[in-house]
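Note that the structure is predicted; figures quoted are calculated from it, not measured. Each chain gets a letter, A, B and so on, in the order its sequence line appears, and its residues count up from 1.
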Amino acid sequence: MEEIYDAAAVESAAQEYWDQRHTFEVREDSARAKYYCLSMFPYPSGRLHMGHVRNYTIGDVLARFMRMQGHNVLQPMGWDAFGLPAENAAMSNGVPPAKWTRQNIAYMRNQLKSLGFAIDWTRELATCDPSYYRWNQWLFLRMLEKGIAYRKTGIVNWDPVDKTVLANEQVIEGRGWRTGALIEKREIPMYYLNITRYADELLGALDDLPGWPDRVKTMQANWIGRSEGCEIVFPYAPDTRAVMSADGALKVFTTRADTIFGVTFMAIAAEHPVALEAGKSNPRLNAFIDECRRGSVMEADVATQEKRGMRTGLHVLHPFTGEPIEVWVANYVLMGYGEGAVMGVPGHDERDFEFALKNGLPIVTVVRSATGVYDEVREPWIPAYGEYGVTVNSGEFSGLEFKPAVAAIAAALEKTGLGRKRIQYRLRDWGISRQRYWGCPIPIIHCAECGDLPTPDEQLPVVLPENLVPDGSGNPLAKTPAFYECVCPKCGKPARRETDTMDTFVDSSWYFLRYACADQANAMVDERAAYWLPADQYIGGIEHAILHLLYSRFWTKVMRDLGLVKISEPFTNLLTQGMVLNDIYSYQPPEGRKRYFNPADVHTRRDADGGEIHEVTTPESGLIRVVHEGLGKMSKSENNGVDPESLVARFGADTARLFIMFASPPEQTLAWSDEGVQGASRFIRRLWVAVYDHVSKGLPTKLDTRALTPAERDMRRAAHQALAKATDDIGRRRHFNTAIAAIMELLNAIGRCGDASPQGRAVRHEALEIAVMALSPITPHVCHALWQGLGHQTGLIDERWPEVDPAALVQDAVEIVVQVNGKLRGRVSVPASADEATIREAAIADEHVRKFIGDKPIRKLIVVAGKLVNIVV
RNA sequence: GCCCGGGUGGCGAAAUCGGUAGACGCAAGGGACUUAAAAUCCCUCGGGGGAAACCCUGUGCCGGUUCGAGUCCGGCCCCGGGCACCA
């Protein structure tokens with residue numbers, strides 16, 4: 001082996017070795033245990049960033065580790081290739097999204113290859129290829145047949161200047177990002193997937209996912225949000241009936257039917273038909289409705305905005321008392337969620353309480369506190385008002401606890417047809433229509449006479465033209481007759497093709513199935529999916545904890561119900577990687593769009609008061625001062641990614657991999673800093689030198705474990721302890737940083753041991769082999785070279801993971817910590833086999849401990865076997 | 001606003017089931033080697049006191065449970081993620 005470690009030479013040699021032997025190409029093999037190691041595929045944004053390196057190194061460590069444990073390992077890679085950034089890039093530089101995307105894929109593929117991941121590249125896929133997205137279209141049509149896909153209206157952000165629909169990300173403080181125009185809500189027809197049909201199963205099946213982190217399961221359960229309650233009908237009063245020129249009712253859902261007698265107002269959404277009718281004859285109300293219809297559709301905005309309302313002057317009737325109740329329009333009630341109406345119980349709901357105070361509405365106490373905290377609800381609000389208690393002022397339903405009250409009220413409502421018990425989910429159906437170009441076309445044909453028809457299967461795929469360049473003024477597909485002009489499959493007359501495309505979450509909801517059979521031209525999936533799925537390990541960012549992971553679970557269940565797969569859940573084990581954060585710097589010019597600057601280009605200095613000043617030199621305006629917005633996940637939109645390329649060029653892929661794995665455990669959020677990269681590089685060089693020094697003196701004699709000196713036994717124990725720790729940390733705990741620390745400690749121990757005797761060299765040889773093998777999943781290239789340096793002809797990746805020798809771990813004596821009143825006062829060494837009485841005596845006998853006991857009587861003495869004694873005086 | 005995480009030295013972190021707080025590394029300071037630099041090796045390194053032995057104190061803040069709390073419970077503060085059209 002070479003004396004000097006040359007990362008570039010070592011890495012290209014190792015990669016060539018694997019490539020030539022097609023080491024990571026795998027076939028289905030029913031005789032071997034399979035291990036499908038899946039990482040979330042990247043969006044081809046242009047360059048890898050450290051979040052990708054972290055994600056794919058975690059996957060690679062597990063793939064290589066499991067392979068060395070004897071599994072048939074599949075680790076695939078692909079591209080989540082449709083999406084908004086390609087259109088944005090097209091707008092700024094005139095390149096078609098397809099070209100931009102494919103260039104990025106080519107570049108990033110090379111970056112991934114330079115990092116030496118054990119990927120089967122023969123299965124690579126990109127979601128923008130017709131051979132992939134045709135199956136989106138095909139399955140969508142099957143869903144349409146089953147009624148899982150359907151059409152209804154939905155609300156979108158509308159930019160009135162560019163006359164285009166904007167993504168939430170493109171709405172900044174209520175204005176369009178390019179035009180600065182105030183955004184309006186607009187209702188348009190869209191396609192939806194009926195995920196709520198699966199709500200119950202998606203919720204219940206979380207219990208069958210022991211390999212998922214609790215925090216993800218909790219988030220999903222809360223997102224689905226099952227609540228038991230009542231649907232209650234408030235019939236129109238005569239005034240409302242007159243305005244609506246029909247009979248009707250406001251329908252609400254509530255989990256607090258026990259408070260029905262506390263209803264003092266009704267709140268409806270601005271888009272509600274009753275609101276719209278009432279607005280026609282009331283200009284002030286109409287203006288308020290208009291105001292509500294502007295602004296954001298985002299839940300975060302709706303929830304934080306000031307709660308405002310205006311009376312309609314109309315009334316509905318209380319289902320029990322028949323009393324008229326005033327109907328208000330409120331900006332916090334959303335039409336898209338439930339029936340667009342809620343009952344207002346200011347006595348026992350905090351939001352209603354504030355609304356009532358502000359608008360001078362009556363507050364009625366209808367629940368008596370179970371703990372006697374209050375008699376009557378009055379200002380200010382206290383949390384106890386919202387708690388369960390016993391009903392009062394509720395007519396025949398007074399004096400009941402929560403559950404019996406709800407049961408009695410629901411039964412009474414059912415009798416009169418004015419309500420019933422119902423289960424409601426917070427989860428809403430998944431709207432998949434996007435008024436955008438760079439996505440999978442929705443395979444629908446609109447015929448003036450025959451209506452909306454599915455594109456016949458034999459005409460699939462509906463191919464997206466790849467040469468268009470969006471300009472920000474709406475979907476270019478809608479301006480391209482060659483795309484949208486078509487023939488009605490039913491009547492043969494000219495018809496118009498749907499120009500909306502699918503949400504890119506559709507693409508990512510099943511790509512992991514396609515990897516099993518990416519070359520299959522005649523079906524969405526084939527029998528190979530049955531071999532590989534479910535994925536044994538899925539790895540990806542915690543930011544996908546809800547949407548992507550929930551959609552993938554839903555999609556899998558739909559495919560199961562269509563008989564396409566046998567599995568119900570796609571991912572057996574989930575590792576949610578913490579985000580790699582970096583500083584965000586921005587500059588808001590007096591006019592136009594906010595610009596973001598990469599932290600690498602920002603210079604920070606201190607002003608006279610010690611405050612920080614951040615500056616960037618720009619070609620067009622010279623030195624400008626930028627604002628530090630804080631830390632955020634590395635993303636293209638905030639331009640705070642760190643390209644690993646320079647790190648790889650300077651130190652090599654192994655150092656980059658080792659550094660990111662050593663920085664923290666994978667689930668933890670990581671604020672980016674390259675401090676410490678020197679240490680990773682240094683450690684690899686030290687390992688190289690240790691192996692070189694060892695083998696340059698010739699290969700050792702055979703190890704004879706019975707003929708070791710105490711020091712040699714210590715060395716051997718250190719090696720096997722490190723192996724045991726690394727095996728457990730990688731295989732079970734997934735704490736790669738402490739596995740690395742254990743191997744560092746081992747190398748330190750090897751360095752301290754100067755034993756040059758034949759058995760001393762044999763022990764060192766074993767220890768070095770353990771260090772090289774245990775580190776190999778993390779730094780595979782250098783370990784590949786060192787393995788050959790240690791005298792092996794084989795490729796390390798084809799070796800079996802070493803076994804811990806239990807005999808090597810045996811210790812004669814153990815150190816026991818002695819506390820007096822919980823404070824550390826001494827340490828005693830006792831035989832490993834010592835019983836409790838011996839330990840107790842040794843502890844009390846310790847001179848230093850006695851000083852602290854003094855002449856005080858021992859009141860209590862706790863012995864923790866093998867660890868600690870606590871003496872209480 | 002709601003849901004989910006996190007907060008430990010100058011920095012990244014460790015402490016796996018309530019039992020020695022700071023393993024392993026970075027940075028810094030001191031020293032060795034060198035004409036010099038780099039690299040490498042050795043020593044110091046939470047704060048306070050002390051010549052030292054050692055003592056006191058310390059895991060975001062306030063309170064509690066326990067022989068013993070970074071870890072469990074209650075209340076807060078701050079940071080990050082998600083909130084359905086960024087991916």
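- Distances shown here put a side-chain N or O of A:R434 below 4.0 Å from the OP1 or OP2 atom of B:C85.
- Sequence order on RNA chain B of the closest nucleotides to A:P85 and A:D728 puts A:D728 first from the 5' end.
- Each of A:V216 and A:T504 was assigned the nucleotide of RNA chain B with the nearest heavy atom; the assignment lying further toward the 5' end belongs to A:V216.
- Taking 4.0 angstrom as the limit, A:R825 places a side-chain polar atom (N or O) nearer than this to OP1 or OP2 of B:C55.
- Contact check, A:S664 against B:G12: no side-chain N or O comes under 4.0 Å of OP1 or OP2.
- Comparing B:C26 with B:G74, their P atoms are spaced 41 Å from each other, to the whole Å.
- With P as the reference atom, B:G25 and B:G75 are 41 Å apart, rounded to whole Å.
- Inspection of the A:D80 and A:S508 side chains reveals no N or O donor paired with an N or O acceptor under 3.5 Å.
- Dashed line: the shortest gap from a side-chain N or O of A:R682 to OP1 or OP2 of B:A27 is under 4.0 Å.
- Side-chain proximity of A:R827 to the nucleotides B:C83, B:C4, B:U20 is greatest for B:U20.
- Residue A:N737 has no polar side-chain atom (N or O) positioned under 4.0 Å from OP1 or OP2 of B:G12.
- Side-chain nitrogen and oxygen atoms of A:K633 include none within less than 4.0 Å of the OP1 or OP2 phosphate oxygen of B:C86.
- Residue A:E745 is classed as a sugar-phosphate contact, given heavy-atom separations below 4.0 Å to backbone atoms only.
- Using modelled atom types, one finds a donor on one side chain and an acceptor on the other under 3.5 Å when comparing A:S664 with A:R54.
- Nucleic acid contact for A:N168: sugar-phosphate only, since backbone atoms but no base atoms lie under 4.0 Å from a heavy atom of the residue.
- Nucleic acid contact class of A:W430 (heavy atoms, under 4.0 Å, all strands): none.
- For the pairing with A:Y5, the ring pair (Phe, Tyr, Trp, His ring centres under 6.0 Å) check across A:F651, A:Y692, A:W688 returns one residue only, A:W688.
- With distances taken from any side-chain atom of A:Q668 to the nucleotides B:A84, B:A14, B:G25, the minimum falls on B:A14.
- Within the 4.0 angstrom heavy-atom criterion, no nucleotide atom of any strand lies near A:V677.
- Across B:G25, B:U16, B:C83, the shortest atom-to-atom separation from the side chain of A:A300 is found for B:C83.
- Within the structure, a side-chain polar atom (N or O) of A:R686 is placed less than 4.0 Å from OP1 or OP2 of B:C41.
- A close approach under 4.0 Å does occur between a side-chain nitrogen or oxygen of A:H848 and OP1 or OP2 of B:C55.
- Just one residue in the list A:F505, A:Y437, A:Y133 forms a ring pair (Phe, Tyr, Trp, His ring centres under 6.0 Å) with A:F82, and that residue is A:Y133.
- The side chain of A:R732 places no N or O atom within less than 4.0 Å of a non-bridging phosphate oxygen (OP1 or OP2) of B:U16.
- At the heavy-atom level, A:V872 lies under 4.0 Å from the strands shown only through sugar-phosphate atoms.
- Checking B:G5, B:U40, B:A87 against every side-chain atom of A:L547, the shortest atom distance belongs to B:A87.
- Within 4.0 Å (heavy atoms only), A:F852 reaches sugar-phosphate atoms of the nucleic acid but no base atom.
- When only modelled atom types and interatomic distance are considered, A:E187 and A:T153 share a side-chain donor-acceptor pair under 3.5 Å.
- When distances run from any side-chain atom of A:L427 to the nucleotides B:A84, B:C24, B:C67, the shortest one goes to B:A84.
- Closest contact between the side chain of A:R215 and the listed nucleotides B:G12, B:A84, B:G5 involves B:G5.
- When each of B:C24, B:A21, B:A27 is scored by its nearest atom to the side-chain atoms of A:L824, the top-ranked nucleotide is B:A21.
- Within the 4.0 angstrom heavy-atom criterion, base atoms lie near A:Q819.
- Taking 4.0 angstrom as the limit, A:N222 places a side-chain polar atom (N or O) nearer than this to OP1 or OP2 of B:C4.
- Heavy atoms of A:G578 sit nowhere under 4.0 angstrom from any nucleic acid atom.
- Between the side chains of A:N136 and A:W510, at least one donor N or O lies within less than 3.5 Å of an accepting N or O.
- In terms of polar N and O atoms assigned as donor or acceptor, the side chain of A:Q170 never comes within less than 3.5 Å of the base of B:C85 in a complementary pairing.
- Phosphate proximity of B:U57 to A:K823: present, with a side-chain N or O under 4.0 Å from OP1 or OP2.
- Considering all non-hydrogen atoms of both residues, A:G472 and A:T164 come closest at O-CG2, 3.5 Å.
- Here B:C24 is the nucleotide among B:C24, B:G80, B:C86 with the atom lying nearest to any side-chain atom of A:N748.
- For A:R859 against B:C67, no side-chain N or O and base N or O form a donor-acceptor pair under 3.5 Å.
- Here the two rings, on A:Y511 and A:Y132, have centers that are 6.0 Å apart or farther.
- At the phosphate of B:C17, neither OP1 nor OP2 sits under 4.0 Å from any side-chain N or O atom of A:R733.
- The base of B:G1 sits with one of its N or O atoms less than 3.5 Å from a complementary donor or acceptor on the side chain of A:E299.
- Residue contacts for A:S508: at a heavy-atom cut-off of 4.0 Å it reaches no nucleic acid atom on any strand shown.
- Note on A:K725: a base of the nucleic acid sits closer than 4.0 angstrom, heavy atoms only.
- At the heavy-atom level, A:P42 lies nowhere under 4.0 Å from the strands shown.
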